[in-house]
Amino acid sequence: IMSRIDPAFAYSQARLQARYGARPRSADWSHIAATADLGALLQLLRASPLAGWTGRLGSRPGIHEIDWRAREEWLRRVDEVALWQPRAWRNAILWLRWIAYLPALQKLARGGRALAWMRDDPVLGPIVAREPRERAAALRRTPLAALAGGFGPPHEMAVAWARHWRQLWPSRDPGREPIEAMIRMTSHERRLLARLPDSVRSTDALRALERRFQPGFRRHPLSPAAAVAYLGLLALDLRRMRGALATRALHDVTAEP
């Protein structure tokens with residue numbers, strides 16, 4: 001099997017390994033959890049492995065700014081990792097960038113009201129500017145065109161996303177199987193996490209999902225599965241950071257006289 005693997009994955013793995021080693025550790029998350037003030041938390045983050053994710057935030061960011069910057073950072077990181085991949089897998093890795101938009105698109109597909117932040121978002125803005133019945137057609141004119149079918153019954157954006165993702169995988173490539181195995185191993189935790197409301201602590205579910213992604217990264221170094229596993233871990237870190245910042249930002253709002 002190894003002879004069938006593109007040696008360009010070695011280039012990718014060297015960079016992924018360095019990024020993996022720079023992830024926040026348990027002590028970093030403990031310090032984050034113990035820091036109650038938003039300004040103090042930002043100072044802490046900017047002196048931690050998460051510094052690169054917080055540099056564009058203002059001194060007292062609100063919820064919408066935090067979410068916007070988190071999405072922006074996710075897109076930037078996925079683009080970076082995709083460029084490290086062999087050409088045959090690049091589009092499949094790039095498709096991971098749109099995971100950040102699935103909850104919002106799911107809401108719109110089920111007839112939910114467009115929120116103010118969506119109108120200002122460069123991806124969602126052109127879609128929510130249209131009448132609800134015209135939004136699927138508007139989506140077809142964007143890089144998310146493959147998700148337009150999710151606006152029809154049963155209105156499952158994640159299913160539409162996953163279907164197109166598999167279509168982007170090179171046929172008969174040995175890298176497909178470890179990704180499928182990772183999907184199977186993480187399915188329970190992903191469903192659990194998706195069902196949790198934002199107000200519920202998701203620490204246990206996040207840690208369980210992290211324990212599923214880590215073997216995928218370590219066991220398949222010369223495979224696209226390493227990039228998928230790394231980005232899965234990155235998404236979890238970003239979610240934890242976003243949650244910590246958002247909680248402090250909400251406290252800032254409620255504490256105002």
Leu57 side chain reached by Leu245 side chain, heavy atoms, under 4.5 Å
yes
Side-chain heavy atoms nearer than 4.5 Å, only ILVMFWY residues, links allowed to pass through others: does that put Leu94 and Val123 together?
no
Run the side chain to side chain contact (heavy atoms under 4.5 Å, CB included) test on Thr186 and Phe213 for me, step by step, so that the C-alpha distance in whole Å, both residues' side-chain angles and the decisive distance to 0.1 Å come before the verdict.
CA-CA 8 Å; Thr186 60; Phe213 278 127; 4.1 Å; yes
CG of Leu124 to OH of Tyr101: how many Å apart, nearest 0.5 Å?
6.0 Å
Is there a donor-acceptor pair closer than 3.5 Å between any side-chain N or O of Gln106 and the backbone N or O of His155?
yes
Rounded to the nearest 0.5 Å, how far does CZ of Arg184 lie from CD1 of Ile179?
11.5 Å
Do Leu96 and Trp165 come close enough that some side-chain heavy atom pair is under 4.5 Å?
yes
Does the distance from a Lys or Arg side-chain N to an Asp or Glu carboxylate O, for Arg23 and Glu210, drop under 4.0 Å?
yes
Flag side-chain contact, heavy atom, 4.5 Å: Phe151 against Leu108:
yes
Leu231 versus Trp74: any side-chain heavy-atom pair under 4.5 Å?
yes
Look at the rings of Phe217 and Tyr20 and say which category their plane angle falls in: under 30° parallel, 30 to 60° tilted, over 60° perpendicular.
parallel
Main-chain N/O of Thr247 paired with His251 side-chain donor or acceptor, under 3.5 Å
no
Could you tell me which non-hydrogen atom of Ala225 sits nearest to which non-hydrogen atom of Met182, and how far apart they are?
O-CE, 3.4 Å
Run Trp117 and Trp68 through side chain to side chain contact (heavy atoms under 4.5 Å, CB included) and show every step you take.
CA-CA 9 Å; Trp117 71 264; Trp68 170 41; over 6 Å; no
Does the side chain to side chain contact (heavy atoms under 4.5 Å, CB included) test come out yes or no for Met118 and Lys107, once each step is laid out?
CA-CA 11 Å; Met118 297 180 184; Lys107 177 183 177 69; 4.0 Å; yes
Show the nearest heavy-atom pair for residues Pro178 and Ser223, with the distance to one decimal.
CG-OG, 3.6 Å
Rounded to the nearest 0.5 Å, how far apart are CH2 of Trp29 and CZ of Arg207?
10.5 Å
Going through the checks in order, is the salt bridge (charged side-chain N to carboxylate O under 4.0 Å, His left out) test met by Arg56 and Glu73?
CA-CA 10 Å; Arg56 302 177 190 178; Glu73 186 62 25; 5.2 Å; no
Note, His220 side chain near Glu177 side chain (heavy atom, < 4.5 Å)
no
Do Gln85 side-chain atoms and Phe9 backbone N/O form a donor-acceptor pair below 3.5 Å?
no
Please check this pair: side chain of Arg242 against backbone of Ile66, looking for a donor-acceptor N/O pair closer than 3.5 Å.
no
Determine yes or no for a side-chain-to-main-chain donor-acceptor pair under 3.5 angstrom, with Arg135 supplying the side chain and Val128 the backbone.
yes
Hey, does the side chain of Arg248 reach the backbone of Ala244 with a donor-acceptor pair shorter than 3.5 angstrom?
yes
One should read off an interatomic distance between Asp237 CG and Leu50 CG, to the nearest 0.5 angstrom, of 6.5 Å
Among Arg19, Arg97, Arg90, whose salt bridge (Lys or Arg N to Asp or Glu O under 4.0 Å) with Glu80 holds?
Arg19
Just wondering, do Leu147 and Leu102 contact through their side chains at under 4.5 Å, heavy atoms?
yes
Can you hop from Met185 to Tyr230 via hydrophobic side chains spaced under 4.5 Å?
no
Quick one, Asp173 with Trp89, criterion side chain to side chain contact (heavy atoms under 4.5 Å, CB included). Give me CA distance, side-chain angles, the key distance, then yes/no.
CA-CA 10 Å; Asp173 190 290; Trp89 277 96; 3.2 Å; yes
List the atom of Ala136, the atom of Ala148, and the distance in Å for their closest heavy-atom pair.
O-CB, 3.7 Å
With a 4.5 Å cut-off on side-chain heavy atoms, are Leu38 and Pro61 touching?
yes
Under 4.5 Å between side-chain heavy atoms, counting indirect links through other Ile/Leu/Val/Met/Phe/Trp/Tyr residues: same cluster for Leu115 and Met157 or not?
yes
Heavy-atom count check: over 12 atoms from other residues, nucleotides or ligands less than 6.0 Å from His164 NE2?
yes
Nearest atoms (heavy-atom pairs only) where Pro170 meets Ala88:
CG-O, 3.2 Å
Please evaluate residues Glu72 and Arg77 with respect to the criterion salt bridge (charged side-chain N to carboxylate O under 4.0 Å, His left out), reporting the C-alpha separation (whole Å), side-chain torsions for both, the decisive distance (0.1 Å), and the verdict.
CA-CA 9 Å; Glu72 184 180 62; Arg77 294 298 182 101; over 6 Å; no
Check the orientation of Trp98 and Trp95. Use parallel for under 30°, tilted for 30 to 60°, and perpendicular for over 60°.
perpendicular
Any chance you could measure Gln43, atom CD, to Asp37, atom CG, to the nearest 0.5 Å?
8.5 Å
Hey, any chance Ile99 and Trp53 share a hydrophobic cluster, counting ILVMFWY side chains that come within less than 4.5 Å of each other, even indirectly?
yes
Take atom CZ of Arg130 as the centre, draw a 6.0 Å sphere, and report whether it contains more than 12 heavy atoms from other residues, nucleotides or ligands.
yes
Taking the side chain as everything from C-beta on, heavy atoms only, tell me whether Thr54 gets closer than 4.5 Å to Met241.
yes
d(Asp67 CG, Arg71 CZ) to nearest 0.5 Å is 6.0 Å
Nearest heavy atoms of Leu42 and Gly58, plus distance in Å:
CD1-O, 3.5 Å
Heavy-atom closest pair (Ala249 atom, Ile63 atom, distance to 0.1 Å) is CB-CD1, 4.2 Å
Establish whether Leu234 and Leu83 are linked, either directly or via other cluster members, by ILVMFWY side-chain heavy-atom contacts under 4.5 Å.
no
